[in-house]
**Student:** 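What follows is a structure written as structure tokens; I'll ask about it next.
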Amino acid sequence: MEYNFREIEQKWHQRWVAQQTYKVTEDPNRPKFYVLNMFPYPSGAGLHVGHPLGYIASDIYARYKRLQGFNVLNPMGYDAYGLPAEQYAIQTGQHPAVTTEANIARYREQLDKIGFSFDWSREVRTCEPSYYHWTQWAFQKMFDSFFCNKTQKAMPISVLIEHFSKEGTGDWDVACTEEISFTAEEWNSWDAKKQSDVLMNYRLAFMGETMVNWCPALGTVLANDEVVNGVSERGGFPVEQKKMRQWCLRVSAYSQRLLDGLETIQWSESIKETQKNWIGRSEGAEVQIKVADKDVTFTIFTTRADTMFGVTFFVLAPESELVDMITTPDQREDVDAYIKYVKGRTERERMIDHTVTGVFSGAYGINPITGDKCPIYVAEYVLAGYGTGAIMAVPAHDSRDYAFAKHFDLPIIPLVEGADVSQESYDAKEGIVMNSPISPDKSVEYDGESLNLNGMTIKEAIAATKVFVKAHHLGRVKVNYRLRDAIFSRQRYWGEPFPVYYKDGIPQMIPEECLPLQLPDVDKFLPTETGEPPLGNATKWAWDEQNKKVVENSLIDNVTVFPIELYTMPGFAGSSAYYLRYMDPHNDEALVSEQAAAYWQNVDLYVGGSEHATGHLIYSRFWNKFLFDLGISKKEEPFQKLINQGMIQGWSSFVYRLRGTNKFVSFDLLEERYDDAKKKNLYSYKGTEADPVYADISMVNGNVLDVEKIRQWTAEFRDAEFILNDRGQYIVSQAIEKMSKSKYNVVNPDDICEYYGADTLRLYEMFLGPIEQSKPWDVAGIDGCFRFLKKFWNLYRPAQKGEEGLRLDLTDDEPTKAELKSLHKLIKKVTEDIEAFSYNTSIPAFMIATNELTQLKCQKRAILEPMVVLIAPFAPHIAEELWEGMGHETSVCDARWPMFEEKYLVEDTVKMMVAFNGKTRFSIDFPADADNASIEATVRSHELMPKYLEDKQIMKIIIVPKRMINIVCK
RNA sequence: GCCCAGAUGGUGGAAUUGGUAGACACGAGGGACUUAAAAUCCCUUGACCAGUGAUGGUCGUACGGGUUCGAUUCCCGUUCCGGGCACCA
């Protein structure tokens, strides 16, 4: 009987649905295992072959765990809020909900074809009110919380309010935007507005006036991770810095815990490293600097406290408020001009252009260690957002300070023995300190003590300086983090609305029992004419405080009816806690029930792309830690093990249009030259330059363009002239790029499923290479996988005529040793491979075992039955069909994973290679249990020995068990 | 610039973490079956040298050294590719 994958796959898809094979419930008697994929954004382009890569990998693992007896949760859902649906809505007027719904339907259809073991009864969509209810709820909880730095935990804001009313700020170390202090009397004297403003300094979800990444083209602010190289990640539009009042999340409060948590989870080193860089912890010291002849002091931050003796100037960030305070009248004009210049520069310009600029403020700062008066400059190379926005400059040991000093002709004092600073600074933290101080009178005494670092290593000197600074109250030891608070509001329509209304300008939370606050309808998705966000177009978007409901805007009186927040939440809001919701997706009372959270704990295996390293994977860790502090989440870390599947790249094809014409020239006819100015290749044909134009991958066969096909593709090509090469072909050029609709290189999985079946697709995607590696899609090898499945199918002799369906005719004979060896070798390899996620090497093992068993003509139940179970995670449809054919009434999913036994793998005899000084010469068979002495004796008396030994002397004989014998000779 | 991960045939990639390098697959070449095609099956396939031949020899895991009886694997240096961070003090 032929391997009819179409029939088989369709049959089992239907049966899985009918029998709810993959529905899972909490079962205290079985150990749990939680497998999760990063849920997709349902884009209009549908799934491409890259999407299923991770899903297949996790599905294999989920099925394997289930066969091992675990109760496996393997859910799927949709990250349904997002920019593309909204951009589409702006262009077409189509409501994003409609587009999203249609896209989801298409995704589901495509996913269903591949045979995943998802429990669809737990599906979530971030845009559903029943889901974003809990996104809004979590936001309110953050609003009602602050972070205690000492206990490193979130606490209710009411505790802090009580503390303020009794003791003011006191010395409680809590996470805040800006360090301020006030007394209880002051606090109690303030009105509600002022108190609200002050509390914003502490809340975990707060409204803050911050520099934001404003993207004018998208009309919204963006988070740091949504900006790449100064342009928006989506669309590539320019981004500028702007000061705006925005909702923010105090992610920075959790910096240390986010860092510490990395040590407890099994993630790839590279992604942990990326997160460490993003969090950017640096230990250093803050030192107070007094401005000479002025009653002003500022604080600098340094990680190189040991270099205080080499300070020759100070630098303030242009945005610093101090600039205005210290600038002397005669420098005022220059400073103002400089600040104006800096403001006119975009973030992007600042990033690319590192030329030295700056201006002298006219003021001097006093170095507390040396007593020296050093000039204070204002320069854009010092960033307002990091540390204190002020630095001490040590040109000898910092390359940026060095460049600045050279430009403004400032002194450079070397502090490390042997360091040559005539050409460049010596930045390394290695060496012995000197010139610290240059002479005893160059070190200021405090309480009879002065600092001397000469002769110390740099590390010792850093520590000694910190002790000195602390002991004499010149500053303090401080840890800084690069991690910024996340900007949490967007000026968009298609996102979660904030459950917030404004009363006298003070944000108020909509009562918890009134959640979810549903996204209103609007007739236009663009900002309003007055520049308000799209929600400003909603006509029913006001909060009736007394009746606790949303009412028409016309009723706003600011007495009982108030305006509701017009901002919406960003993309990462809905994706930050979805893994908790899957545990209990239909709960109306809570994000997740106590019982479900206690059972499922956290995600054991999370699979997704590494591009989320500094976005989603930071935000959701933060979000989970917050919910952990609340007792909702049961584990400090949400994702225990993380596998990053690589990208499947596409082959982009280009045709070349002669500039200013509608003629396209075959690539092999073009002349190439390299343009240094533009740093890229240029092509020309008979003197006319040719520009590459994307051609759809489906019009190309190998590298030959199907000219007739492309003519039918778009109007652009219909009447085009194609200049062919002398073989009459049009050759395209190709490049490996990320798969993208706009590059016309997308391969979608439907065609593969149609032609080869889902099992072949699954096998092939895994066979393509190591799961974590990026690799171009290439259908060349897919036939091999298809052929293997056919061979596997043919291992099982079908039933005789007249029997219904597939009845496999297996014998109950005792397997032979060779058969058992083939089987157990396979069990061992596949089990180890799945545990290590190296599926690509399991598939060859299957092929080898299948070939061996075919040769042995094995028809034994004891061998072939476990084989079906082994392949079930990889190719579930064929496995089910064969399993049923063997007379089983339950699904293969309920079978048990076979255990391998070492005894079947042990050989009676072992072939041992005999090598002379490492060079292999011949082999001898030994009984497997031969001891070293007898092996050595046999070798010494072997007939071939004289031939290879000649007149050499045996020095020693090294026996590597079961492998080789190396004879070391002179 | 700093940090991280890599480099193995024509191609994707294996190699028990120091023990026969190139599994398996693709591609290519040859053959069988067939009127023919498709499908299927079999053989060859890292390079070079010697031999009609079975076969034998030399080189070979980016490059240059080192440790070792033995190195794709460990150590030092170099080159190249990928990823992250980046006037972060």
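Letters A, B, ... are given to chains in the order of the sequence lines, protein chains preceding strands, and every chain is numbered from 1. Reckoned from all heavy atoms, side chains included, excluding hydrogens, waters and symmetry mates. Just so we're clear, the structure is a prediction, and the values are computed from it rather than from any experiment.
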**Student:** Looking only at side-chain N and O atoms, does A:Arg787 come under 4.0 Å of OP1 or OP2 in B:rA39?
**Tutor:** no
**Student:** If I take atom CG in residue A:Asp398 and atom P in nucleotide B:rG1, what distance separates them, rounded to the nearest angstrom?
**Tutor:** 16 Å
**Student:** What contact category does A:Glu273 fall into here, base, sugar-phosphate, or nothing, at under 4.0 angstrom with non-hydrogen atoms?
**Tutor:** sugar-phosphate
**Student:** Between A:Glu380 (CD) and B:rA89 (P), how many Å, whole number?
**Tutor:** 18 Å
**Student:** Just call it for A:Met847: base, sugar-phosphate, or nothing, with non-hydrogen atoms closer than 4.0 Å on any strand.
**Tutor:** sugar-phosphate
**Student:** Output the rounded distance in Å from NZ (A:Lys276) to C1' (B:rA86).
**Tutor:** 18 Å
**Student:** For RNA chain B, which residues in residues 830-842 of chain A have a heavy atom at a distance below 4.0 Å?
**Tutor:** A:Asn840, A:Thr841
**Student:** Heavy atoms only, 4.0 Å cut-off, all strands: where does A:Pro776 land among base, sugar-phosphate and nothing?
**Tutor:** nothing
**Student:** Nearest whole angstrom, please: distance from the P of B:rC85 to the NZ of A:Lys272.
**Tutor:** 18 Å
**Student:** Classify A:Ile848 by what it touches in the nucleic acid, base, sugar-phosphate, or nothing, heavy-atom distance under 4.0 Å.
**Tutor:** sugar-phosphate
**Student:** For A:Val394, which contact category applies under a 4.0 Å heavy-atom criterion: base, sugar-phosphate, or nothing?
**Tutor:** nothing
**Student:** Which whole number of Å gives the distance between the C1' atom of B:rC43 and that of B:rC49?
**Tutor:** 24 Å
**Student:** If I take atom CD1 in residue A:Ile967 and atom P in nucleotide B:rU68, what distance separates them, rounded to the nearest angstrom?
**Tutor:** 21 Å
**Student:** With a 4.0 Å cut-off, would you call A:Lys825 and A:Glu852 a salt bridge?
**Tutor:** yes
**Student:** Could you tell me the separation between the CD1 atom of A:Ile782 and the C1' atom of B:rG27, rounded to a whole number of Å?
**Tutor:** 16 Å
**Student:** Within the structure shown, what part of the strands sits under 4.0 Å from A:Leu768 by heavy-atom distance: base, sugar-phosphate, or nothing?
**Tutor:** sugar-phosphate
**Student:** What interatomic distance, in whole Å, is found between P of B:rU34 and the corresponding atom of B:rC24?
**Tutor:** 30 Å
**Student:** Which nucleotide wins on minimum distance to the side chain of A:Leu383, given the candidates B:rC85, B:rC24, B:rC87?
**Tutor:** B:rC87
**Student:** Nearest to the side chain of A:Ser270, heavy atoms from C-beta on, is which of B:rG19, B:rC4, B:rG13?
**Tutor:** B:rC4
**Student:** State the syn/anti category of B:rG9 according to its glycosidic angle, syn meaning within 90° of 0.
**Tutor:** syn
**Student:** Name the closest nucleotide to the A:Pro844 side chain, picking from B:rU16, B:rA23, B:rG13.
**Tutor:** B:rA23
**Student:** What interatomic distance, in whole Å, is found between C1' of B:rC81 and the corresponding atom of B:rA28?
**Tutor:** 28 Å
**Student:** Are A:Tyr377 and A:Phe404 close enough that their ring centers fall under 6.0 Å?
**Tutor:** yes
**Student:** Once you apply a heavy-atom cut-off of 4.0 Å, does A:Ser425 come out as touching a base, just sugar-phosphate, or nothing?
**Tutor:** nothing
**Student:** Which part of the nucleic acid, if any, lies within contact of A:Lys791, taking any heavy atom under 4.0 Å across all strands shown: a base, the sugar-phosphate backbone alone, or nothing?
**Tutor:** sugar-phosphate
**Student:** What's the gap between B:rC48 and B:rC33 when it is taken at their P atoms, as a whole Å value?
**Tutor:** 33 Å
**Student:** Please confirm whether the ring centroid of A:Phe846 lies under 6.0 Å from the ring centroid of A:Phe874.
**Tutor:** yes
**Student:** In terms of ring plane angle, is the pair A:Tyr3 and A:Trp793 parallel, tilted or perpendicular, where the classes change at 30° and 60°?
**Tutor:** tilted
**Student:** In whole angstrom, give me the gap between the C1' atoms of B:rG64 and B:rA7.
**Tutor:** 16 Å
**Student:** Check whether the ring centres of A:Tyr904 and A:Phe900 lie less than 6.0 Å apart, and answer yes or no.
**Tutor:** no
**Student:** Output the rounded distance in Å from CG (A:Leu259) to C1' (B:rC3).
**Tutor:** 14 Å
**Student:** Quiz question: by atom type and distance under 3.5 Å, do the side chains of A:Asp401 and A:Tyr381 form a donor-acceptor pair?
**Tutor:** yes
**Student:** Could you tell me how far B:rA71 sits from B:rU58 if I compare only their P atoms? Round to whole Å.
**Tutor:** 15 Å
**Student:** Report yes if some heavy atom in the side chain of A:Val315 is under 4.5 Å from a heavy atom in the side chain of A:Val378; otherwise report no.
**Tutor:** no
**Student:** Using the side chain to side chain donor-acceptor pair (under 3.5 Å) rule, collect all pairs that involve residues 771-784 of chain A, keeping only residues at least two apart or in two chains.
**Tutor:** A:Tyr756-A:Asp783
**Student:** CG of A:Leu763 versus P of B:rC26: gap in Å, rounded?
**Tutor:** 13 Å
**Student:** Report which part of the nucleic acid A:Phe788 touches: base, sugar-phosphate, or nothing (heavy-atom distance under 4.0 Å, all strands).
**Tutor:** nothing
**Student:** Distance between the P atoms of B:rU11 and B:rA23, in whole angstroms?
**Tutor:** 15 Å
**Student:** Considering only the C1' atoms, how many Å lie between B:rG10 and B:rG84, rounded to the nearest integer?
**Tutor:** 34 Å
**Student:** Can you see if the side chain of A:Tyr386 gets near the phosphate of B:rA89 - specifically, an N or O under 4.0 Å from OP1 or OP2?
**Tutor:** yes
**Student:** Are the side chains of A:Ile60 and A:Met766 in touch, meaning some heavy atoms are under 4.5 Å apart?
**Tutor:** yes
**Student:** Compute whether any side-chain donor of one residue and acceptor of the other, for A:Thr909 and A:Asp925, lie under 3.5 angstrom apart.
**Tutor:** no
**Student:** Does B:rU40 have its OP1 or OP2 closer than 4.0 Å to a side-chain nitrogen or oxygen of A:Lys790?
**Tutor:** yes
